[in-house]
Structure formats: C-alpha cells, structure tokens
Novice: 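If you scroll down you'll find the structure; I have some questions about it.
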Amino acid sequence: GRPAVIKTLGDPFGAGQNYRIHVARSFMPKPGVPLTADHEQIVRTPAATPYIKFASERTVHYREGDMSIPLEHAYIDEIWMSVYRVYPNNLIEYLNRPSMENLGDRIRFETGALSAEEKNKGMTAISIEKLIGKTARGVYMLEVTSLNYATKENIHISKTIVATDLGVV
C-alpha cells in the first residue's frame, strides 16, 4: 500500500522516523536512465540530539531596554531555570571562576513546559525582569537545564547577566 505520510523532497522529515520511499518507474532522472520497475525502500532518519543554547552573547542588560534572553532549543519539552545573585564583595572572584560556590545566593528557581509554538519555532524568550524583578541591579548567573530523554542525562548551560541602569555602548 501507500505510505501513511507522503512527503515531497522539500518537506522536513522528522528525526528518528521510518519512511517508505517509493520511486515510480515513470520517474525520469535528468540526465539518466529510466527505471525498469518501481522501486521502494524503507529508510530511517537519524535521531536528533536535544540541545539548548543561548542565542545571544549579550551579557549587559540596560534596565530601560530589552530585558530578555533568547534561548534556542530543539527536541526538549521543559526547562528548569535557577538565578543566582553574585555578592558584590565576591564579584572579582566570580569573574575569575564563574561558579556560584559560596559566591552568592540562589534567588529564584522556576520550571516551565515549552508551548507548542515555542517548540515549533525552536526559540523561547527568557524574561530577566520576571526572574530578578523590575528594579534589581547587579551581577547574576542564569542556569538553564533540560532533560535529554534519550540518554536520561541533563543538558546544562549557564550565562552571566549584568543588570544595570547605565547605558553601555
């Protein structure tokens, strides 16, 4: 019979899926020799690797400007976010080794399922204001984690954020 899903060569194929490829004898390659019979084969597309990454290198966020961080992702359903505030007296130490061990406090932890629209676009805007507050200023570290369902291992990324009321050029 016919395959359950019919794709044209321009359609995106899903990761880790089986597809039945049918080439009719009437297909005429250019240049080439016509087929003597219909040809059919089942192929499997490779499984995609889930990932998350920050889509912007920007670190400094001016309080009156765009206070969001774009997060690019694929093949994930949920993210966990932790925000840490670096103690002002530990700033130099933090910049020398960006680890939060004894250098600040976790001020927020949040989980969220990605919407169907976010999954389709592969992009989520993380609101810094929502995570640290409208008037907060200082140096923060944002950690974003998600689960790779295939390996049952966490995917983990982090980013330094400077929230300031000074415009930086």
Side-chain angles (χ1 to χ4, degrees), residues 1-62 65-84 97-101 106-132 140-163 168-169:
R2 297 183 61 89
V5 177
I6 298 174
K7 299 273 186 181
T8 63
L9 292 179
D11 288 341
F13 287 88
Q17 299 292 315
N18 289 330
Y19 292 95
R20 180 179 296 142
I21 305 296
H22 180 90
V23 180
R25 179 179 61 184
S26 61
F27 174 74
M28 182 58 74
K30 294 181 184 179
V33 179
L35 296 172
T36 58
D38 288 0
H39 180 74
E40 187 169 284
Q41 184 171 349
I42 293 179
V43 296
R44 181 170 179 83
T45 57
T49 303
Y51 73 90
I52 54 176
K53 72 176 187 176
F54 294 112
S56 169
E57 297 296 321
R58 196 170 105 196
T59 298
V60 177
H61 294 269
Y62 174 52
D66 180 19
M67 290 293 288
S68 66
I69 298 174
L71 179 72
E72 187 179 318
H73 49 76
Y75 306 105
I76 63 167
D77 296 321
E78 184 177 39
I79 56 175
W80 307 292
M81 294 179 287
S82 292
V83 180
Y84 298 86
R97 65 171 175 91
S99 162
M100 286 309 298
E101 187 176 330
R106 183 163 79 174
I107 61 169
R108 184 152 184 135
F109 175 77
E110 192 172 298
T111 64
L114 298 176
S115 69
E117 181 182 352
E118 289 173 316
K119 289 181 193 178
N120 288 339
K121 285 181 11 185
M123 191 72 69
T124 300
I126 298 173
S127 170
I128 299 169
E129 268 187 1
K130 182 178 175 188
L131 294 173
I132 67 173
Y140 300 85
M141 184 176 76
L142 170 63
E143 290 183 340
V144 179
T145 305
S146 188
L147 178 65
N148 178 337
Y149 289 103
T151 64
K152 303 298 185 217
E153 295 175 357
N154 284 336
I155 307 165
H156 176 84
I157 58 174
S158 63
K159 182 176 191 60
T160 299
I161 299 167
V162 178
V168 178
V169 179

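For the numbers below, each heavy atom of this structure counts, side chains included, while hydrogens, waters and symmetry mates do not.
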Novice: Can you tell if the side chain of Y84 reaches within under 4.5 Å of the side chain of I107, non-hydrogen atoms only?
Specialist: no
Novice: On a heavy-atom basis, which atom in I76 and which in P50 lie closest, and how many Å separate them?
Specialist: CG2-CB, 4.0 Å
Novice: Quick one: pull up CD1 in I79 and CD in E118 and give me the separation to the nearest 0.5 Å.
Specialist: 7.5 Å
Novice: Can you tell me which residue among R106, E110, E143 is in a side-chain hydrogen bond (donor to acceptor under 3.5 Å, both in side chains) with S82?
Specialist: R106
Novice: Does the K159 side chain pair with the main chain of V144, one donor and one acceptor, at a distance under 3.5 Å?
Specialist: no
Novice: Within the 4.5 Å heavy-atom criterion, are N154 and W80 side-chain neighbours or not?
Specialist: yes
Novice: Which distance, rounded to the nearest 0.5 Å, do you find between the NE2 of H156 and the OG1 of T145?
Specialist: 5.0 Å
Novice: Does E78 offer a backbone N or O that forms a donor-acceptor pair with the side chain of S146 under 3.5 Å?
Specialist: yes
Novice: Side chain to side chain contact (heavy atoms under 4.5 Å, CB included) for I157 and L71? Distances and angles first, verdict last.
Specialist: CA-CA 10 Å; I157 58 174; L71 179 72; 3.7 Å; yes
Novice: Evaluate the side-chain proximity of D77 to K119: yes if any heavy-atom separation is below 4.5 Å, no if none is.
Specialist: yes
Novice: Is the shortest heavy-atom distance from the side chain of D38 to the side chain of V23 under 4.5 Å?
Specialist: no
Novice: Please say whether more than 12 non-hydrogen atoms of neighbouring residues, nucleotides or ligands are located less than 6.0 Å from CZ in R25.
Specialist: no
Novice: For a side chain to side chain contact (heavy atoms under 4.5 Å, CB included) check, start with the C-alpha distance between L142 and F54, then their side-chain angles and the critical distance, and finish with the verdict.
Specialist: CA-CA 11 Å; L142 170 63; F54 294 112; 3.9 Å; yes
Novice: Say you draw a straight line from CG of L114 to CG of N120; how long is it, rounded to the nearest 0.5 Å?
Specialist: 11.0 Å
Novice: A side-chain contact here means heavy atoms from C-beta on lying under 4.5 Å apart; do R108 and I132 qualify?
Specialist: no
Novice: Say you draw a straight line from CD1 of I128 to OG of S68; how long is it, rounded to the nearest 0.5 Å?
Specialist: 7.0 Å
